[in-house]
Amino acid sequence: VSFCSYGTPQMVSLRGESEESGDDETKRKSLNGEVDSLQAPSTVPKESPVDMDTITLDPDEEDVDLVHCRIGKIEGLEVLRKAKTISLRQNLIKCIENLDSLVSLRELDLYDNQIRKLENLQALTELEQLDVSFNLLRKIEGLECLTKITKLFLLHNKIMSIASLDQLTSLQMLELGSNRIRVIENLDSLTSLESLFLGTNKISQLQNLDGLHSLTVLSIQSNRITKLEGLQNLVSLRELYLSHNGIEVIEGLENNKKLTTLDIAANRIKKIENISHLTELKEFWMNDNQIDNWADLDELKNAKGLETVYLERNPLQKDPQYRRKIMLALPNVRQIDATFIRF
């Protein structure tokens with residue numbers, strides 16, 4: 001592994017925030033476009049860039065790690081003709097440039113820099129994964145030639161709209177959490193897309209998802225959605241994350257029979273209804289709503305594999321027999337809220 005000549009080599013995970021491992025709460029925070037303290041960008045504005053001449057590069061290295069090296073400009077990488085992955089996380093890079101010779105590159109990680117524009121990527125036709133999260137991007141552009149890309153991470157930028165993705169027909173994962181997007185649009189050509197993350201934006205309506213037949217994970221937490229709709233064509237959907245919105249009624253899930261995880265916590269829902277057909281459910285997140293009727297739990301009885309239920313901070317929790325009543329209604333459940341059931 002190549003590394004900063006004055007530092008210690010660091011191995012960096014190239015998985016995005018969306019694939020963060022750990023406990024349920026950590027997963028849900030990452031799906032929500034949030035980052036825990038260990039993952040937060042660490043660039044210090046007062047740092048001064050270093051000259052690339054001071055960094056040792058191995059021409060034979062396939063996995064190049066240049067994390068937190070105070071690199072201010074991408075240059076001198078021409079020797080890395082064999083490189084398959086390059087990580088330039090947590091540097092001071094302002095411009096994507098001088099990458100034309102890296103034609104074998106499969107993964108490029110530019111997470112946590114100061115990049116304002118997606119550009120100069122046209123030579124990287126073999127690229128399969130690109131991460132430009134935690135930068136200063138305002139628009140999606142310059143990706144037309146990356147037809148082999150399967151994972152694109154643009155988390156926490158200033159992107160206003162979803163655009164210029166028509167040519168990326170191999171894309172399987174798209175992470176656009178923590179941006180300024182108002183409308184779900186221009187996704188029709190992404191027929192291979194399996195995971196779509198749009199948490200912490202300004203989206204007010206679930207729409208324009210009909211063409212995403214392969215989608216298995218959809219996360220639109222912390223937006224402005226008030227109605228559950230537009231999901232009827234997503235018959236392969238397994239995980240749906242809609243917490244921290246303004247949804248009042250559970251509806252529109254008639255065709256989503258493969259759902260294993262349903263997260264509609266922190267909404268304005270008064271009744272658990274219209275989900276008795278979701279027999280594959282394993283996790284049900286309904287905390288921080290307005291559920292006050294124990295009979296509502298009957299909606300979950302057909303989900304024989306249900307393992308985790310979150311109902312805390314509903315009126316139901318005021319019942320002194322709260323946990324016992326959940327266990328009686330749903331005997332297969334192994335975890336209630338954050339606590340496992342002991343047998």
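From a predicted model like this one, the values you see are computed outputs, not experimental measurements.
Without hydrogens or angle criteria, Ser214 side chain to Thr191 main chain gives a donor-acceptor distance under 3.5 Å. Side chain of Asn267 to main chain of Glu248: no donor-acceptor pair is present (N/O by atom type, distance under 3.5 Å, no hydrogens or angles). Here the side chain of Asp112 pairs no donor or acceptor atom with the backbone of Gln90 at under 3.5 angstrom. With hydrogens and angles ignored, the 3.5 Å screen pairs a side-chain donor or acceptor of Ser236 with a backbone N or O of His213. Of the possible donor and acceptor atoms, none in the side chain of Asp298 sits under 3.5 Å from a partner among the backbone N and O of Asp296. Looking at His277, its side chain does come within 3.5 Å of a backbone N or O of Leu253 through a donor-acceptor pair. Formation of a donor-acceptor pair under 3.5 Å by the Thr279 side chain with backbone atoms of Asn302 is not found in this model. In this structure a side-chain-to-backbone donor-acceptor pair under 3.5 Å is present from Asn98 to Ile74. With hydrogens and angles disregarded, no donor-acceptor distance shorter than 3.5 Å links the side chain of Asn332 to the backbone of Leu306. A donor-acceptor contact shorter than 3.5 Å is absent between the side chain of Asp100 and the backbone of Ala123.
Using a 4.0 Å cut-off between charged side-chain N and carboxylate O, Asp60 and Lys82 make a salt bridge. Ion pairing between Arg323 and Asp337 fails under the 4.0 Å rule for side-chain N and carboxylate O.
Here the CD atom belonging to Gln290 is positioned 14.0 Å from the CZ atom belonging to Arg313, to the nearest 0.5 angstrom. Distance check, rounded to the nearest 0.5 Å: SG of Cys95 to CD1 of Ile115 gives 8.0 Å. Rounded to the nearest 0.5 angstrom, Phe197 CZ and Leu174 CG are separated by 9.5 Å. Expressed to the nearest 0.5 Å, how far CD of Glu307 lies from CD1 of Ile341 amounts to 11.0 Å. Between the CD atom of Gln335 and the CD1 atom of Ile326 there is a distance of 11.5 Å, given to the nearest 0.5 Å. Note that the CG atom of Asn245 and the CG atom of Leu228 stand 9.0 Å from one another [nearest 0.5 Å].
Closest heavy-atom contact between Leu242 and Gln221: N-CG, 4.1 Å.
Note on Leu124 and Val79: same hydrophobic cluster, where clusters join Ile, Leu, Val, Met, Phe, Trp and Tyr whose side-chain heavy atoms are under 4.5 Å apart, directly or indirectly. Each of Ile264 and Val249 belongs to its own hydrophobic cluster when Ile, Leu, Val, Met, Phe, Trp and Tyr are linked at side-chain heavy-atom distances under 4.5 angstrom. Neither Leu165 nor Val183 shares a network with the other; the hydrophobic side chains, linked directly or stepwise wherever heavy atoms of I, L, V, M, F, W or Y lie under 4.5 Å apart, form separate groups for each. No single ILVMFWY cluster, assembled from side-chain heavy atoms under 4.5 Å apart, contains both Met160 and Leu187.
Trp294 and Tyr322 have tilted rings, their planes meeting at an angle from 30° to 60° on a 0 to 90° scale. Classification of the Tyr111-Phe134 ring pair by plane angle, with boundaries at 30° and 60°, yields tilted.
Within 6.0 Å of atom CZ in Arg116, 12 or fewer heavy atoms from other residues, nucleotides or ligands are found, so the atom counts as exposed in its surroundings. For NZ of Lys84, the number of neighbouring non-hydrogen atoms (other residues, nucleotides, ligands) closer than 6.0 Å is greater than 12. For Lys325, the NZ atom counts as densely surrounded, since its 6.0 Å shell holds more than 12 non-hydrogen atoms of other residues, nucleotides or ligands.
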Original post:
Run the side-chain contact (heavy atoms from CB on, under 4.5 Å) check on Ile162 and Leu198 step by step: do they pass?
Top reply: CA-CA 10 Å; Ile162 303 172; Leu198 291 165; 4.1 Å; yes
Subject >> Step-by-step side-chain contact (heavy atoms from CB on, under 4.5 Å) determination, Asn289 to Leu311 >> reply: CA-CA 8 Å; Asn289 277 285; Leu311 286 167; over 6 Å; no
Subject >> Residues Leu176, Ile159; criterion side-chain contact (heavy atoms from CB on, under 4.5 Å); working and verdict >> reply: CA-CA 8 Å; Leu176 284 167; Ile159 296 168; 4.1 Å; yes
**OP:** Please report the C-alpha distance between Glu280 and Arg238 in whole Å, then the side-chain angles of each, then the deciding distance to 0.1 Å, and finally whether the salt bridge (Lys or Arg N to Asp or Glu O under 4.0 Å) criterion is met.
**Re:** CA-CA 9 Å; Glu280 302 297 312; Arg238 293 186 179 275; 6.0 Å; no
Original post:
Does the side chain to side chain donor-acceptor pair (under 3.5 Å) test come out yes or no for Glu239 and Tyr241, once each step is laid out?
Top reply: CA-CA 7 Å; Glu239 300 177 27; Tyr241 301 91; 2.6 Å; yes
**OP:** Please report the C-alpha distance between Asp288 and Asn314 in whole Å, then the side-chain angles of each, then the deciding distance to 0.1 Å, and finally whether the side-chain contact (heavy atoms from CB on, under 4.5 Å) criterion is met.
**Re:** CA-CA 6 Å; Asp288 298 279; Asn314 278 281; over 6 Å; no
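Of the residues listed (Leu218, Leu259, Leu212, Asn255), the one engaging Leu231 in a side-chain contact (heavy atoms from CB on, under 4.5 Å) is Leu218, and it is the only one. Shown are Lys148, Lys151, Arg106; of these, the salt bridge (Lys or Arg N to Asp or Glu O under 4.0 Å) with Glu128 is made only by Arg106.
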